[in-house]
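Have a look at the structure below before the remarks.
Order of listing sets the numbers, starting from 1, for every ligand and every atom in it. Since the structure is predicted, the reported quantities are computational estimates derived from the model, not experimental observations. Residue numbers start at 1 and run along the sequence shown. No hydrogens, no waters, no symmetry mates; every other heavy atom, side chains included, goes into these values.
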Amino acid sequence: MDDNKNVYDSVLDLVGNTPLIKLKKITSNCKGSFLAKVEAFNPGHSSKDRIALYIIEQAEKEGVLKPGDTIIETTSGNTGFSIAMMSAIKGYDCILAVSSKSSPDKIDMLKAMGAKVYICPANVAADDPRSYYKVAQRLHEENKGSVYINQYFNSLNGEAHYQSTGPEIWGQTNGKITHLIACSGTGGTISGTAKYLKEQNPNVKVIGVDAYGSVLKKYHETREFDEKEIYPYRIEGLGKNLIPTATDFDLIDEFVKVTDEASAHTAREIATTEGLFVGYTSGAAMQAVKQLNEAGEFKDSDVVVVIFPDHGSRYMSKVYSDKWMNEQGFFDSQNEEAAQTIQY
Ligand code: PMP
């Protein structure tokens with residue numbers, strides 16, 4: 001079977017090597033060329049397959065992880081799905097502590113892959129014993145022989161992107177990339193990719209996308225943790241109420257903040273203009289591109305790579321639900337969108 005190029009040992013062989021897809025209509029008013037790195041093409045439908053595989057295989061190499069052992073993680077859903085998928089294939093138990101902000105669809109998907117899920121309140125401080133960090137830590141301590149992936153504080157997170165996402169983008173653009181636009185959650189994607197790209201060409205400009213209600217942008221500018229920046233917001237996977245050590249702030253040139261509402265509309269716009277059904281943070285990243293373009297950031301010769309971290313199917317009860325959009329008040333100014341359903 002090995003000589004057949006389309007037969008794989010498992011889906012693990014399909015992690016990474018995602019396509020860069022040209023954006024056309026949604027960027028028609030923008031200066032420059034825009035390419036989306038569509039991470040939904042990973043078998044677990046997000047960029048998190050890369051870090052899950054890299055960290056698990058590193059632990060296996062070091063002999064820390066043996067079949068039958070337990071893998072524990074805190075996750076907004078995507079990393080959990082990737083770990084659950086890999087645990088099913090490789091024979092590990094998977095325990096996930098998730099935020100109550102995660103989409104119900106995401107949580108059901110984790111359970112479908114055989115994971116045990118603990119749902120923890122979203123709007124408590126990171127050091128609160130109910131927070132998903134603390135719950136995961138406690139489970140790790142109670143569960144002898146378990147491995148805690150700890151993506152926010154694990155340097156292997158960025159290393160996974162340094163080894164894969166960075167070289168892929170450099171090769172796919174023939175070294176012509178001028179800007180990288182990526183959402184920052186753990187910061188692993190942006191930091192690892194930026195490190196590789198800046199080693200090839202220090203002039204590549206790296207722009208992080210942050211949420212209103214998150215501390216990252218302010219921390220980048222002042223190197224101070226400002227609690228006043230923190231308040232609830234809706235986008236999952238983007239921004240943070242703590243400073244992750246997995247983020248290398250020195251490699252990020254600037255941060256742009258985007259709103260929940262604009263990001264939701266832009267995610268929907270990506271689907272209807274480009275035919276790409278992607279997640280909420282892809283909408284956030286694209287929204288940042290629009291704001292940067294309006295601010296005069298790009299010129300015609302620029303080659304801008306935007307990371308689209310996951311697939312739209314994970315947001316059917318949120319961004320892609322008219323009911324949810326209405327409940328958030330997101331249709332107030334754009335009633336024509338809500339009127340798309342015609343009932344007979
Ligand atoms: N988008 C989504 C949907 C995510 O789940 C994450 C990860 N939390 C990110 C973006 C940000 O990626 P990173 O953690 O590598 O900064």
Side-chain angles (χ1 to χ4, degrees), residues 18 36-40 42 44-52 54-55 73-83 96-99 101-103 105-107 109-110 122 132-133 149-166 180-195 206-211 214-217 220 233-249 251-252 255 258 260 263-264 266-267 270 277-288 306-315 318-319:
T18 53
K37 181 79 168 154
V38 185
E39 290 293 289
N42 280 296
H45 310 135
S46 88
S47 55
K48 295 297 182 176
D49 278 0
R50 297 174 186 270
I51 71 161
Y54 190 79
I55 296 172
E73 183 52 331
T74 52
T75 168
S76 67
N78 282 329
T79 309
F81 187 85
S82 300
I83 296 168
L96 304 168
V98 313
S99 156
K101 206 163 74 168
S102 301
S103 315
D105 2 343
K106 276 189 178 178
I107 293 168
M109 283 169 81
L110 302 177
Y132 53 97
Y133 311 104
I149 300 279
N150 204 9
Q151 59 174 335
Y152 287 91
F153 301 99
N154 190 338
S155 60
L156 296 176
N157 175 352
E159 214 175 286
H161 291 284
Y162 175 79
Q163 298 287 350
S164 65
T165 320
L180 173 73
I181 319 283
C183 294
S184 204
T186 66
T189 307
I190 193 164
S191 308
T193 310
K195 183 168 180 236
V206 175
I207 301 174
V209 185
D210 191 19
S214 152
V215 291
L216 301 180
K217 182 174 193 288
H220 180 252
Y233 57 91
R234 298 178 186 86
I235 313 179
E236 301 157 44
L238 165 63
K240 219 56 231 168
N241 58 355
L242 51 75
I243 307 302
T245 57
T247 310
D248 187 340
F249 286 88
L251 291 169
I252 302 168
F255 272 97
V258 291
D260 289 334
S263 303
T266 302
I270 297 168
F277 190 46
V278 289
Y280 203 170
T281 56
S282 303
M286 201 59 224
Q287 178 57 29
V306 196
I307 310 252
F308 286 177
D310 70 351
H311 195 259
S313 57
R314 287 185 183 166
Y315 305 89
K318 293 204 168 174
V319 173

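- Taken to the nearest 0.5 Å, the OG1 atom of Thr165 stands 6.0 Å off from the CD1 atom of Ile307.
- Which parts of ligand 1 touch Thr189 is read off a 4.0 Å heavy-atom cut-off, strictly below it: atoms 12 (O), 13 (P), 15 (O).
- Residue-ligand proximity, Asp310 to ligand 1, at heavy-atom distances under 4.0 Å covers atoms 3 (C).
- Among the atoms of Pro309, none of the N or O lies under 3.5 angstrom from an N or O of ligand 1.
- Asp260 CG to Gln287 CD: the interatomic distance, rounded to the nearest 0.5 Å, is 11.5 Å.
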**OP:** Apply salt bridge (charged side-chain N to carboxylate O under 4.0 Å, His left out) to the pair Arg314 and Glu236, showing each step before the final yes or no.
**Re:** CA-CA 11 Å; Arg314 287 185 183 166; Glu236 301 157 44; over 6 Å; no

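- In this structure, the side chain of Thr186 does not engage the main chain of Tyr152 through any donor-acceptor pair within 3.5 Å.
- At least one heavy atom of Ser184 lies less than 4.0 angstrom from ligand 1.
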**OP:** List the steps and the verdict of side-chain contact (heavy atoms from CB on, under 4.5 Å) for Arg50 and Thr18.
**Re:** CA-CA 11 Å; Arg50 297 174 186 270; Thr18 53; 3.1 Å; yes

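- Checked by atom type and distance alone, the side chain of Glu159 never pairs as donor or acceptor with a backbone atom of Gly192 at under 3.5 Å.
- At least one heavy atom of Tyr315 sits less than 4.0 Å from an atom of ligand 1.
- Leu238 does not count as a contact of ligand 1, since none of its heavy atoms falls under 4.0 Å from the ligand.
- Where the criterion is an N or O separation shorter than 3.5 Å, residue side chain and backbone included, Thr281 meets it with respect to ligand 1.
- Heavy-atom proximity to Lys48, at under 4.0 Å, picks out these atoms of ligand 1: 6 (C), 7 (C), 8 (N), 12 (O), 13 (P), 14 (O), 15 (O).
- Atoms CG and OG, from Asp210 and Ser184 in turn, are 7.0 Å apart once rounded to the nearest 0.5 Å.
- Of the heavy atoms in Thr186, both backbone and side-chain atoms come closer than 4.0 Å to ligand 1.
- Residues satisfying the salt bridge (Lys or Arg N to Asp or Glu O under 4.0 Å) criterion with Lys217, sequence neighbours excluded, are Glu221.
- Each of the following atoms of ligand 1 lies closer than 4.0 Å to a heavy atom of Gly187: 13 (P), 14 (O), 16 (O).
- Considering backbone and side-chain atoms alike, Ile190 places every N or O at 3.5 Å or more from each N or O of ligand 1.
- For atom 9 (C) of ligand 1, the nearest non-hydrogen atom from the set Ala284, Gly239, Gly237 belongs to Gly237.
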